[in-house]
Amino acid sequence: MSTKILAVDTATENCSVALLMGDEVISRCEYAPREHTTKILPMVDTVLAEAGIKLNQLDALAYGQGPGSFTGVRIGIGIAQGLAFGADLPMVGVSTLAAMAQGTYRVHQADNVLSAIDARMGEIYWGQYQRKTDGDWQIIGAEQVIVPDALVESAQTESGIWLTAGTAWEVYADTLAKLPFEMQQGSVLYPDSQDMVHLAKFAFARGESVSAEVASPVYLRDTVTWKKLPGRE
């Protein structure tokens, strides 16, 4: 039996859905800031209809667990949980940073990827990935939220050519150019569910799925600086 996994992601400005059936992937993707709630479920219906299957015929439901926009991550996981509850499916969380690494392999055949998303407030979400021989990915160090200058100071030199992925490379171009890597610019700016299903397949095979009740996001940033509005507690 081939594995059937549906992935949904709204963690960034991108909005995407993909269905993996064996080696075939059916996907929809749209750059749609602030329109995720109206876009995502019609995309789900479209890919399921194109495949001719129903939700309860899936093996698992994958979701973009972050990091990314706080609101976007919550929307994505909430919609994924609703779908999983209704069809009694296990869930698999997938890193948006790792998904961009897989996307960079899909587009550029890159085995070394530096994923960096603009996290606002002068920080970036960062992950450094290397592709393994089986097609899965391993992270060097850990995903983190960090000030670009601090990343430059702490980064360890790695051999090989590294492709860049994500929105932070343009926002912090001058600073990130000082990183101790031989870098080439990649074209992947956002995570995409067609790459998440690839990663979810490995995670599901390792038994890393969870029930919908305990599926959780990854924000990396534990506290968000904010100002109280007048009259608010």
Side-chain angles (χ1 to χ4, degrees), residues 2-22 24-103 106 115 117 125 137 165-167 188-205 208-220:
S2 60
T3 302
K4 296 183 286 295
I5 300 175
L6 180 76
V8 300
D9 177 56
T10 63
T12 65
E13 294 90 333
N14 223 30
C15 181
S16 63
V17 171
L19 174 65
L20 172 73
M21 295 189 302
E24 181 186 3
V25 176
I26 300 171
S27 65
R28 294 292 185 276
C29 179
E30 185 175 344
Y31 177 81
R34 297 176 297 280
E35 296 181 52
H36 296 338
T37 52
T38 59
K39 298 280 188 181
I40 196 73
L41 286 174
M43 284 184 176
V44 170
D45 292 339
T46 298
V47 298
L48 290 175
E50 187 171 328
I53 67 171
K54 300 182 184 302
L55 267 177
N56 60 12
Q57 294 176 275
L58 300 173
D59 295 299
L61 201 149
Y63 63 97
Q65 67 184 15
S69 155
F70 180 88
T71 302
V73 172
R74 291 306 309 176
I75 290 171
I77 192 172
I79 289 172
Q81 281 177 312
L83 294 170
F85 271 124
D88 193 25
L89 295 172
M91 295 179 67
V92 180
V94 178
S95 161
T96 51
L97 294 168
M100 291 194 303
Q102 171 61 25
R106 173 173 53 82
S115 295
I117 297 174
Y125 297 123
W137 291 81
T167 55
V188 173
L189 292 178
Y190 304 101
D192 191 322
S193 289
Q194 67 177 306
D195 302 310
M196 288 185 175
V197 288
H198 178 87
L199 300 174
K201 177 180 66 174
F202 285 101
F204 185 67
E208 294 176 7
S209 60
V210 298
S211 65
E213 294 90 342
V214 298
S216 59
V218 172
Y219 296 122
L220 293 185

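It should be emphasised that the depicted structure is a prediction, and the values quoted were computed from it without experimental measurement.
Smallest separation of non-hydrogen atoms from A80 and M91: CB-CE, 3.6 Å. Residues Y63 and S216 come closest through the heavy atom pair OH-O, 3.1 Å. Counting all heavy atoms, side chain and backbone alike, A60 lies closest to V92 at CB-CG2, 4.3 Å. Nearest heavy-atom pair across A18 and V25 is CB-CG1, 4.2 Å. The nearest pair of heavy atoms linking C29 to M43 is C-CE, 4.1 Å. The two residues I117 and P67 have their closest heavy-atom pair at CD1-O, 4.0 Å.
Of the options V44, I53, D59, V197, a side chain to side chain contact (heavy atoms under 4.5 Å, CB included) to L6 is made by V44 and by none of the others. When each of D192, T38, T10, I75 is checked for a side chain to side chain contact (heavy atoms under 4.5 Å, CB included) with C15, only T10 meets the rule.
Between T46 and V17, every side-chain heavy-atom pair lies at or beyond the 4.5 Å cut-off. In this structure the side chain of S95 never reaches within 4.5 angstrom of the side chain of V218, judged on heavy atoms. L55 has its side chain within reach of L48: a pair of non-hydrogen atoms, C-beta onward, lies under 4.5 Å apart. For the pair M21/I26, a side-chain contact is recorded, criterion being any heavy-atom separation below 4.5 Å from C-beta on.
Rounding to the nearest 0.5 Å gives a distance of 8.0 Å between CD of Q102 and CZ of F202. For the atom pair I5 CD1 and L199 CG, the distance stands at 10.0 Å (nearest 0.5 Å). We find the CH2-CE distance between W137 and M100 to be 11.5 Å, quoted to the nearest 0.5 Å.
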**Message:** One pair to check against side-chain contact (heavy atoms from CB on, under 4.5 Å): R106 and H198. What are the steps and the verdict?
**Reply:** CA-CA 11 Å; R106 173 173 53 82; H198 178 87; over 6 Å; no
**Request:** Start with the C-alpha distance between I77 and Q81, add both sets of side-chain angles, then the distance that settles side-chain contact (heavy atoms from CB on, under 4.5 Å), and finish with yes or no.
**Result:** CA-CA 6 Å; I77 192 172; Q81 281 177 312; 4.1 Å; yes
**Derivation of the side-chain contact (heavy atoms from CB on, under 4.5 Å) call for F85 and E213** = CA-CA 8 Å; F85 271 124; E213 294 90 342; 3.6 Å; yes
**Asked** Can D195 and V94 be said to form a side-chain contact (heavy atoms from CB on, under 4.5 Å), step by step?
**Response** CA-CA 10 Å; D195 302 310; V94 178; over 6 Å; no
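In this structure, H36 contributes its side chain and T12 its backbone to a donor-acceptor pair below 3.5 Å. Remark: side-chain polar atoms of E13 are not paired, donor with acceptor, to backbone N or O of P33 under 3.5 angstrom.
Atom CG of N56 is surrounded by more than 12 heavy atoms from other residues, nucleotides or ligands within 6.0 Å.
Not counting sequence neighbours, the partners of S16 by the side-chain hydrogen bond (donor to acceptor under 3.5 Å, both in side chains) test are S193.
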